[in-house]
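Every chain is numbered from 1 and lettered A, B, ... according to where its sequence line falls, protein lines coming before strand lines.
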Amino acid sequence: MLELTDLCYTYPDGTEALRHINLRIAEGEKVALVGPNGAGKSTLLLHLNGVLRCRTGAITVAGHPIADESIRQVRAQVGMVFQDPDDQLFSPTVFDDVAFGPLHMGLDEQDVRGRVLRALDQVGMSGFERRMPHHMSLGQRKRVAIATVLSMSPGVLALDEPSAGLDPRARRGLIDLLRSLPQAMVVSTHDMRMVAEVFPRTVVLAQGQVAFDGPSEAILGDGELLERYGLERP
Amino acid sequence: MLELTDLCYTYPDGTEALRHINLRIAEGEKVALVGPNGAGKSTLLLHLNGVLRCRTGAITVAGHPIADESIRQVRAQVGMVFQDPDDQLFSPTVFDDVAFGPLHMGLDEQDVRGRVLRALDQVGMSGFERRMPHHMSLGQRKRVAIATVLSMSPGVLALDEPSAGLDPRARRGLIDLLRSLPQAMVVSTHDMRMVAEVFPRTVVLAQGQVAFDGPSEAILGDGELLERYGLERP
Amino acid sequence: MNLIDLAQRMQLAMHIPDGFLSVPVALAWWALTIVMIGIAVRQIGDSLNERQIPLMGVMAAFIFAAQMLNFPVLGGTSGHLLGGALAALLLGPWAGILVMSCVIALQALLFQDGGLLALGANIFNMGIATAAIGYFAGMPLLRLFGGKRWGLVVAGFITAWLSVMVAATLTSVELVISGLSAAVVFPAMLFVHMFIGIGEGLITVAALAFVVSTRPDLAATLAGYLSPEALRRPVGRGSMIGVTGVGLLIAVGAALLSPLASASPDGLERVAEDKGFLDQALGPVFNLLPDYTIPGLDGPVSTILAGIIGLLIVFALVYGVSLLLRGRGEGRAIGQQSGSRSGD
Amino acid sequence: MTLSTNALDRYIDGQSPVHGLDARVKLVLALAYILAMALLPPGAWAGIAVSAALLWWAVLRSEVGLRMIITRAFVALPFALVAVTLVFTRPGAPILRIPLGPWVLTATDVGLTAFVSIVLKSWLSVQAALLLTATTHFTDVLYALRALHLPKVLVAILSFAYRYLFVMIDEAQRMLRARECRSAELPGRRGGGSIRWRAGVVGQMVGTLFLRSYERSERIYIAMLSRGFSGELRTISPRALSSSEQGLLLVGGATLAGVVLVSYLLV
Ligand SMILES: Nc1ncnc2c1ncn2[C@@H]1O[C@H](COP(=O)(O)OP(=O)(O)OP(=O)(O)O)[C@@H](O)[C@H]1O
Ligand SMILES: Nc1ncnc2c1ncn2[C@@H]1O[C@H](COP(=O)(O)OP(=O)(O)OP(=O)(O)O)[C@@H](O)[C@H]1O
Ligand SMILES: [Mg+2]
Ligand SMILES: [Mg+2]
């Protein structure tokens with residue numbers, strides 16, 4: 001589904017954020033991306049749908065390499081959800097926001113409408129179409145943020161710290177939602193309990209490199225490894 | 001040190017946020033304030049230094065009731081730190097920010113300088129005086145935010161969700177800092193592990209009322225109670 | 001803290017409600033505003049990319065919110081920002097115009113601050129004119145001082161103060177053409193806004209200095225003239241006209257301020273500290289009103305005469321100084337360029 | 001739910017026919033009403049009365065509360081202070097003399113008429129605008145503006161501005177509150193700093209808010225890119241106005257025009 005080969009990225013100011021990353025993510029696979037602040041998690045996610053472009057190395061999405069011509073298809077394939085839903089929800093109403101992706105894919109209005117309703121239904125926010133984001137709780141906004149990419153029917157979801165700032169109850173709802181979605185996922189998080197519950201596979205990034213890639217149980221049970229990468233026990 | 005008697009508060013829109021709260025906090029006592037979203041934790045904290053004023057009930061700080069004339073003195077007694085350090089840090093340099101409180105108190109420059117250096121030393125941020133808060137990490141900014149009130153030498157600290165958004169290492173540093181500070185503290189949080197490590201006493205708020213007030217061990221060991229108030233096990 | 005009260009109290013100063021402008025005046029200013037916004041949309045479309053759309057939207061929200069940040073000035077009043085000059089200085093003139101237009105339109109549409117028919121005039125006064133001052137006064141002044149930190153302070157303050165005065169003057173002009181009494185409107189509006197302008201200037205300078213020192217890269221990319229190279233470029237003939245115009249406006253301002261300045265030789269700060277800022281400012285206005293409403297008094301005439309003489313003197317001074325600085329600026333520009341290379 | 005939402009949103013939820021009316025119709029009618037008010041000549045009491053009756057009828061049908069609209073419309077009245085001098089400066093028959101020290105203020109009938117007309121017209125105009133905002137979601141006003149062919153860029157900026165207004169105002173409010181909490185004083189010592197210092201602090205807060213806003217706009221732009229934005233904003237096209245809505249526009253416009261014309265004939 002998604003394949004990264006020898007990905008490197010250096011920010012214009014010289015920060016080497018990613019170094020020689022190799023990753024393969026199969027269809028429907030759910031992968032947690034963990035690591036200390038500044039490890040490069042967000043930077044990696046921004047590569048998955050081509051917002052940042054690697055100079056060396058390559059990324060293929062569903063077999064097609066990311067290139068200027070294919071960038072639109074890639075963005076429809078990889079749905080990116082940012083940490084702060086206030087950044088993600090930039091339209092005045094929920095409907096407009098969820099419709100933004102499909103409209104920019106060039107779909108006709110009938111189809112757009114159908115996709116919006118379906119996406120909102122998937123995240124359990126039916127009936128909120130006319131609401132404004134600032135009238136909703138953080139948990140609700142996070143759900144709508146996920147709906148804004150589901151409406152593009154992506155094959156992969158890339159979520160940046162989805163559980164940050166939620167209280168335990170809202171967090172529980174989010175975990176159930178993530179488990180129920182059929183898409184492949186790459187989710188950056190500091191929340192090791194969510195990792196234990198949702199993700200069979202974990203990738204640990206440290207200083208821009210893959211420090212561990214394997215079954216989540218292996219790392220969650222290994223106190224010494226967790227310690228080394230500044231992670232908590234779940 | 002701090003005494004709340006029969007505190008009630010209703011927001012202008014009619015939300016009853018606090019109902020008949022009674023609390024006593026002794027000098028140097030560290031108290032955790034937990035409860036689900038919307039329980040009234042932030043509202044309660046805002047009363048401690050008179051940002052919100054109760055209509056019924058009374059608050060005394062170091063024996064003096066909060067009143068219009070004394071409000072400014074109360075603010076020197078109760079140092080309030082908000083969740084988002086960006087709200088608290090609005091000066092171009094760390095020094096200016098930590099100096100705001102003392103300068104506003106009308107202290108002379110020599111004294112202000114001494115207080116700033118001492119406060120930064122307490123939070124382990126000596127040497128950052130000339131740095132811009134804008135360019136520091138979240139954990140560092142949280143420390144500086146605490147220093148901005150320490151420089152006013154308050155008797156009580158009121159912190160709103162200090163560990164939210166920190167990665168495990170920064171969170172560890174914060175916990176050590178809170179343990180080392182001699183002041184009395186009232187700290188609202190969702191982080192039950194921090195409660196276990198720092199606070200001997202826990203107050204549970206639910207729907208604006210004190211639902212539990214006692215030793216932290218008692219509540220942390222009681223799965224059923226935790227469940228009832230939507231709290232996590234540590 | 002009641003937000004509605006806050007929002008309303010601070011806006012009333014200059015937002016003309018419906019009913020006070022005559023229809024031809026309102027429509028004429030609508031036409032002017034539409035033309036200017038049209039040009040601005042064009043310019044933005046030509047010179048910048050689609051990144052600007054969310055940027056300008058968020059900036060409009062920013063100005064709106066920044067107007068709520070206030071500081072207590074004794075006597076229960078508070079100072080706050082209008083923001084037109086700041087927007088133009090930080091974003092450039094065209095983006096500044098669009099951002100301010102949206103702010104003022106939102107205030108009218110959401111909170112009835114200012115009327116809808118009067119919206120054209122309100123946008124022109126508080127959005128377009130202030131942004132234009134921000135650019136035509138701010139840019140040459142900044143260059144004149146060659147990128148010095150104190151230059152930023154002086155230029156920022158003058159620009160912000162002028163922008164408020166120009167907006168107040170335009171508001172008065174529109175009201176007077178619509179049939180209100182010039183003898184009341186002008187002194188009342190200008191007098192109050194001389195003080196509001198000081199607050200505007202102080203806040204603008206601090207905000208500008210903050211942004212320039214924290215994110216110099218940003219200040220330079222958003223408004224090209226805040227980049228070090230642009231600041232070091234010598235002031236050209238066109239800009240000299242701008243500087244001259246600014247000098248003129250300052251002179252007018254100085255003439256207006258002089259009675260007050262002489263009343264409190266220790267400066268405005270003392271007045272504000274001891275007596276309360278706007279109380280002090282408003283008091284004389286109400287005392288003055290009867291003077292001015294009685295037609296045929298020679299008081300105003302002599303004031304104006306004195307003002308004009310003062311204006312000429314100050315104008316000559318400003319022009320002379322600017323000529324002097326211009327010569328020095330060229331010499332320094334070369335020196336700094338070679339110096340900066342070794343310094344970096 | 002945020003700090004500012006309740007206080008800032010002036011929309012009042014309801015199911016009335018006025019709420020249900022298309023935003024384009026309401027916007028155009030409100031503008032026409034305000035224009036008609038401006039066109040009414042001074043002293044056209046009958047015209048003003050009829051206009052007021054029309055507006056209040058609409059307010060009553062909207063179920064938002066006549067009292068609320070009327071009292072909120074007083075906000076613009078302080079501005080009337082500027083107009084009060086018309087009473088003494090317009091030439092006309094003197095009706096009242098107020099001695100003021102060495103001078104005498106003379107109120108004239110023409111002046112009084114002009115003043116009262118302006119205040120009433122202004123007050124009604126504000127009510128019309130209030131009725132529009134109280135019964136129309138601002139998002140619908142945005143649709144209306146787009147349908148009325150405001151440049152796309154402007155509508156886009158306006159909708160971003162509206163969306164982030166609440167976010168930014170919350171940030172500003174939280175900053176103010178944080179500052180308030182540190183604005184302490186010691187007993188027996190005068191605090192607060194100088195005015196210049198205080199203004200400077202506000203300036204720094206403004207600068208902070210600017211940087212936060214700018215960085216947010218960058219994140220928003222990336223979020224837009226991630227969802228397929230490539231420079232052109234697309235929106236769902238508005239539906240055509242129904243014939244009854246067009247009829248309502250016509251009738252409303254004609255009535256207002258009639259009121260204005262008759263007023264000119266009567267005065
Ligand atoms: N726009 C940028 N310009 C320059 N450097 C950047 C930029 N964004 C991030 N960096 C740097 O790149 C590195 C990786 O950052 P990134 O945001 O990807 O980390 P992260 O793992 O997401 O951290 P966090 O857990 O804090 O979200 C860090 O050193 C960071 O300082
Ligand atoms: N400015 C406000 N106006 C009206 N109601 C408010 C306001 N602020 C908070 N509330 C309401 O008061 C109640 C208590 O809110 P508060 O913010 O104190 O909860 P909290 O315990 O701090 O929640 P959280 O864990 O989410 O921070 C909630 O029902 C909330 O919706
Ligand atoms: Mg990140
Ligand atoms: Mg809270």
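In this structure, the portions of C/Met56 lying under 4.5 Å from any heavy atom of chain D include both its backbone and its side chain. Using a 4.5 Å cut-off between heavy atoms, D/Met37 does not touch chain C at all. With a threshold of 4.5 angstrom between heavy atoms, C/Thr214 approaches chain D through side-chain atoms but not through N, CA, C or O. There is no contact between C/Ile63 and chain D, counting heavy-atom distances below 4.5 Å. With a threshold of 4.5 angstrom between heavy atoms, C/Leu117 approaches chain D through its backbone and through its side chain. For a residue to count as touching a neighbouring chain, one of its non-hydrogen atoms must lie under 4.5 Å from one of that chain's; by this rule D/Leu211 touches chain C with the side chain only. Proximity to chain D (any heavy atom under 4.5 Å) is restricted, for C/Ile37, to the side chain, taken from C-beta onward. Proximity to chain C (any heavy atom under 4.5 Å) is restricted, for D/Leu86, to the side chain, taken from C-beta onward.
Residues D/Ser122 and C/Asp18 share a closest heavy-atom pair of OG-O, 2.8 Å. The heavy-atom pair separating D/Ile118 from C/Gly19 by the smallest distance is CG2-O, 3.7 Å. The two residues C/Leu86 and D/Val206 make their nearest non-hydrogen contact at CD2-CG1, 3.7 Å. The minimum heavy-atom distance between C/Cys102 and D/Ile157, with the atom names listed, is SG-CG2, 3.6 Å. Taking all atoms of both residues into account, the shortest heavy-atom contact from C/Ala61 to D/Ala161 is CB-O, 3.7 Å. C/Met68 and D/Ile169 make their closest contact through SD-CG2, 3.8 Å (heavy atoms, listed as atom of the first residue, atom of the second, distance).
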Criterion side chain to side chain contact (heavy atoms under 4.5 Å, CB included) on D/Met168 and C/Val58, from CA distance to verdict: CA-CA 8 Å; D/Met168 299 296 154; C/Val58 175; 3.5 Å; yes
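Ranked by non-hydrogen atom pairs under 4.5 Å with chain D, the options C/Leu109, C/Leu208, C/Leu98 are led by C/Leu109.
To the nearest 0.5 Å, atoms CG (C/Leu110) and CZ (D/Phe138) are separated by 5.0 Å. To the nearest 0.5 Å, atom CZ of residue C/Phe71 and atom CZ of residue D/Arg196 are 12.0 Å apart. Note that CD of D/Glu215 and CG of C/Leu218 are 8.0 Å apart. Values are rounded to the nearest 0.5 Å. To the nearest 0.5 Å, atoms CD (D/Gln204) and CD1 (C/Ile203) are separated by 11.5 Å.
Listed by chain and number, the residues in a ring-ring contact (aromatic ring centres under 6.0 Å, His included) with D/Trp123 are D/Phe74 (sequence neighbours excluded).
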